[in-house]
Amino acid sequence: MGSRVKYLVDTPELIWGCLDAARHLDACRRYLRAEVVHEHLRAGFGPAALARFPLLRHHWPTVTKFK
């Protein structure tokens, strides 16, 4: 669970890096994978487990801005 949360937390920085380097396809791939990881977290863990990572709830809108 922690590695999936870290993946989501690192996503905006990596997407910005891809966009700065004009690697738009890589940025798109990272965003789409982040959506899948987010859905797996929400479906696979209960609210009590997700409550241990309050940053994720505040951080996810930062990722969705790239849509």
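What you see below is based on every heavy atom in this structure, not just the backbone, and it leaves out hydrogens, waters and symmetry mates.
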**OP:** For residues T11 and Y31, determine if any side-chain heavy atom of one lies less than 4.5 Å from a side-chain heavy atom of the other.
**Re:** no

**OP:** Quick one: which residue pairs count as a ring-ring contact (aromatic ring centres under 6.0 Å, His included) with a foot in residues 46-67, not counting sequence neighbours?
**Re:** W16-F66, H38-W60

Subject >> V37 with V63, same ILVMFWY side-chain cluster at under 4.5 Å >> reply: yes

**OP:** Please list, chain by chain and in numerical order, all residues satisfying salt bridge (charged side-chain N to carboxylate O under 4.0 Å, His left out) with E39, sequence neighbours excluded.
**Re:** R42

Subject >> Under the side chain to side chain contact (heavy atoms under 4.5 Å, CB included) test, residues paired with L50 that sit two or more places apart >> reply: M1, L41, F45

**OP:** Sequence neighbours left out, what pairs pass salt bridge (Lys or Arg N to Asp or Glu O under 4.0 Å) with at least one residue falling in residues 56-67?
**Re:** none

**OP:** Determine whether Y7 and L32 fall in the same hydrophobic cluster, where Ile, Leu, Val, Met, Phe, Trp and Tyr are linked whenever their side-chain heavy atoms lie under 4.5 Å apart.
**Re:** yes

Original post:
What's the spacing between D10 CG and I15 CD1 if we round to 0.5 Å?
Top reply: 11.0 Å

Original post:
How long is the gap from NE2 on H40 to CZ on R33, to the nearest 0.5 Å?
Top reply: 13.0 Å

Subject >> Residues forming a salt bridge (charged side-chain N to carboxylate O under 4.0 Å, His left out) with D26, sequence neighbours excluded >> reply: R23, R29

**OP:** Give the minimum heavy-atom separation between L8 and A34, together with the two atoms involved.
**Re:** CD2-O, 3.3 Å

